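Chain A is the first sequence line, chain B the second, and so forth, proteins listed ahead of strands; every chain is numbered from 1. On a predicted model such as this, the values are computed, not experimentally measured, just so you know.
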2 protein chains.
Amino acid sequence: MDKTLKRMATMHRMQVTGLELFYQNGYYNTSIDDILKALGLSKGAFYYHFDSKEDFFISIVQNLVVQKFYSHMIEPIEGQEDPLNNILNTFENSLATAEHNTLDHGFMLSNFMTEFNGKNPVIMKYLKDIYQIWEVNLVSLLQKGKSDGYVARHIDSEGVASYLIASYIGIRTLMVEGNSRTLRYQYIQQLRQYFKMLAQKEMA
Amino acid sequence: MDKTLKRMATMHRMQVTGLELFYQNGYYNTSIDDILKALGLSKGAFYYHFDSKEDFFISIVQNLVVQKFYSHMIEPIEGQEDPLNNILNTFENSLATAEHNTLDHGFMLSNFMTEFNGKNPVIMKYLKDIYQIWEVNLVSLLQKGKSDGYVARHIDSEGVASYLIASYIGIRTLMVEGNSRTLRYQYIQQLRQYFKMLAQKEMA
DNA sequence: GGGCCTACCGACCACTTGGTCGGAAATAAA
DNA sequence: TTTATTTCCGACCAAGTGGTCGGTAGGCCC
């Protein structure tokens, strides 16, 4: 028991540091030695806990990325009130933390997808799954919004969901080159306009 | 004259093949040897014409990417008619060609920006410049649309331009994981709705 | 104390990378 | 034909990569 605890503690430390560096420098541009140096550990320790670099990354996705993604991008949207409003607030918050260079989990996803596209189908699969969870949740939230009278019934929920995700990761991509404050402000403004269209006429 | 001609011909061949591979596999994941093998040339030839891998890439951006970007993403939008309509058609065409795995120059930009972000500020500068050209052109087109009576005067042209670019590169990022046909359709639909809002009331 | 197993060390390996360099075809000039 | 110059060849190098492996420190059980 105690042994497994120590084992898990070390593995977790490795995963946290690994995700940080992978997110900062990219997967292929981060060597195992980089991570080990940051941790003060050795090659032996790494390959004792993980089979390979790829295996390591997948374990990070499953243990950290998925959970963080849920708690930052999905759960905040859920609720009984107006889903459009929740989406707006969640997106705004995420973009705000992104300005302070903290890990942005919505962006991380598209970042990694871009990097692995055409290179590693196995990892791509895991990333795709998360993205689809995001989409599915948005769609069902929009549908619920329809029956609750917040969202106009004629809109295409799937289309809106894809559009929302696209615009978010797009603006996030643009934000890396500075002006993030202005971009966020502009983005939220436009999103607000767009949402007026989607809202039930009575609520607009 | 003839010498410079041959020189330029070889350089151009290298740049075209280089861009293709860089776009497919990424900059850091494409070795000079890969490019040389595809061309049937040797290391010596490469370093005779270019100083370094970075210098090579920059020459590609300046000689190929900028021009392609103009002819595919900027010039088609210009014209005397409704700019919103032109934007819609241009985006739709670009996304369509993207489905057939051809080079998509709008996407290429965000792709490279993602890859170089935080790693190579010099190259980032060149990519940023192109993006800003895109934005400036969209803004002035929208402004012209206002005075021509196509676009509502109350809209924030800068905000709309950023929002358009973001949504485009976002949807393009999502398209890499399949379903590109559906995504394109959904995206154009939503964009059309969004544009109705931006249009001058009389023209809607 | 003796044995054992988990967790970690670090030298080592095969391979790839960007880049160098002396030289050899090819072409043009004399 | 000789000479110069442009263009290209390919062996080579140092640095770094992911991954292997023999070894060892320290806690735990008998």
Side-chain angles (χ1 to χ4, degrees), chain A residues 1-22 24-61 63 112 115-116 118-123, chain B residues 1-22 24-61 63 112 115-116 118-123:
Chain A
M1 276 307 150
D2 206 41
K3 323 163 194 178
T4 35
L5 251 175
K6 178 166 194 191
R7 180 187 176 91
M8 282 176 61
T10 307
M11 287 175 78
H12 191 255
R13 272 185 66 217
M14 287 178 170
Q15 288 165 338
V16 170
T17 306
L19 179 58
E20 229 166 277
L21 294 183
F22 284 145
Q24 269 173 38
N25 315 317
Y27 175 81
Y28 293 108
N29 255 269
T30 305
S31 70
I32 297 176
D33 281 338
D34 289 341
I35 300 167
L36 261 11
K37 190 155 64 177
L39 286 162
L41 289 174
S42 71
K43 273 272 175 74
F46 182 86
Y47 282 96
Y48 174 72
H49 292 293
F50 301 98
D51 290 343
S52 65
K53 190 184 182 185
E54 180 178 317
D55 171 66
F56 176 57
F57 185 82
I58 292 175
S59 86
I60 290 179
V61 172
N63 289 295
F112 284 135
E115 183 168 14
F116 289 115
K119 284 168 215 160
N120 193 320
V122 179
I123 294 184
Chain B
M1 279 304 150
D2 206 42
K3 327 164 193 180
T4 37
L5 250 175
K6 177 168 195 189
R7 179 185 178 91
M8 283 177 61
T10 306
M11 288 175 79
H12 190 255
R13 272 185 64 218
M14 288 178 170
Q15 289 167 336
V16 170
T17 305
L19 179 58
E20 230 166 278
L21 294 182
F22 284 145
Q24 270 172 37
N25 315 317
Y27 175 81
Y28 293 110
N29 255 270
T30 304
S31 69
I32 298 177
D33 280 337
D34 289 341
I35 301 167
L36 260 11
K37 190 155 65 175
L39 286 163
L41 289 174
S42 71
K43 272 274 178 69
F46 182 87
Y47 282 94
Y48 174 72
H49 291 292
F50 301 99
D51 289 343
S52 65
K53 191 184 180 184
E54 179 177 319
D55 170 68
F56 176 56
F57 186 82
I58 291 174
S59 86
I60 290 179
V61 172
N63 289 295
F112 284 136
E115 185 169 10
F116 289 115
K119 286 168 214 160
N120 193 318
V122 179
I123 293 184

(message) I need the OH-P distance between Tyr48(B) and dG10(D), as an integer number of Å.
(response) 18 Å
(request) Rounded to the nearest angstrom, tell me the gap between atom CG in Leu41(A) and atom P in dC8(C). (result) 7 Å
(request) Measure from CE on Met11(A) to P on dT6(C) and round the result to the nearest Å. (result) 14 Å
(message) Among dC9(C), dC8(D), dT6(C), which nucleotide has an atom closest to any side-chain atom of Ala45(A)?
(response) dC9(C)
(message) So for the helix from dG1(C)-dC30(D) to dA30(C)-dT1(D), with five pairs setting each end axis, what is the inter-axis angle to 10°?
(response) 10°
(message) Can you list everything that forms a ring-ring contact (aromatic ring centres under 6.0 Å, His included) with Phe112(A)? Sequence neighbours excluded, please.
(response) Phe57(A)
(request) Check the distance between dC5(C)'s C1' and Arg7(A)'s CZ and give it to me in whole angstrom. (result) 13 Å
(message) I want to check something: taking the side chain as every heavy atom from C-beta on, are Phe50(A) and Met11(A) in contact at a cut-off of under 4.5 Å?
(response) yes
(request) Write out all pairs satisfying salt bridge (Lys or Arg N to Asp or Glu O under 4.0 Å) with one or both partners inside residues 29-45 of chain A, taking only residues at least two apart or from two chains. (result) Asp33(A)-Lys43(A)
(message) Using whole Å, what does the distance between atom C1' of nucleotide dA7(C) and atom CG of Leu36(A) come to?
(response) 13 Å
(message) Is Thr10(A) close enough to dA7(C) that one of its side-chain N or O atoms is under 4.0 Å from OP1 or OP2 there?
(response) no
(message) Suppose we screen for ring-ring contact (aromatic ring centres under 6.0 Å, His included). Which residues come up paired with Tyr48(A), at least two apart in sequence or across chains?
(response) none
(request) At under 4.0 Å between heavy atoms, which parts of nucleotides 11-21 of chain D does protein reach? Answer with one letter per nucleotide, 5' to 3': B base, S sugar-phosphate only, - none. (result) ------SBBB-
(request) With sequence neighbours excluded, tell me which residues meet side-chain hydrogen bond (donor to acceptor under 3.5 Å, both in side chains) with Asn120(A). (result) Glu54(A)
Donor-acceptor pairs are to be reported for all side-chain atoms of residues 12-22 of chain B against protein atoms at under 3.5 Å, with residues two or more places apart or in another chain.
| from | atom 1 | to | atom 2 | distance (Å) |
| --- | --- | --- | --- | --- |
| Arg13(B) | NH2 | Leu39(B) | O | 3.1 |
| Gln15(B) | NE2 | Ser59(B) | OG | 2.9 |
| Thr17(B) | OG1 | Arg13(B) | O | 3.1 |

(request) Could you state the atom-to-atom distance from CG of Leu39(B) to P of dC8(D) in whole Å? (result) 11 Å
(request) Kindly give the heavy-atom pair with the smallest separation between Gly26(B) and Thr30(B), and that separation in Å. (result) O-OG1, 2.6 Å
(request) With rounding to the nearest 0.5 Å, note down the distance linking CD1 in Ile32(B) to CZ in Phe46(B). (result) 4.0 Å
(request) For this output row, return yes or no: ring centroids of Tyr28(B) and Tyr28(A) closer than 6.0 angstrom. (result) no
(request) For Asp55(B) and Asp51(B), work out which heavy atoms get closest and say how close. (result) OD2-N, 3.1 Å
(request) Calculate the interatomic distance between His49(A) atom NE2 and dA7(C) atom P; express it in whole Å. (result) 6 Å
Might you list the N or O atoms of the protein lying below 3.5 Å from N or O atoms in nucleotides 23-26 of chain D, with each pair's distance?
none

(request) Using ring-ring contact (aromatic ring centres under 6.0 Å, His included) as the criterion, list what pairs up with Tyr47(B), not counting sequence neighbours. (result) none
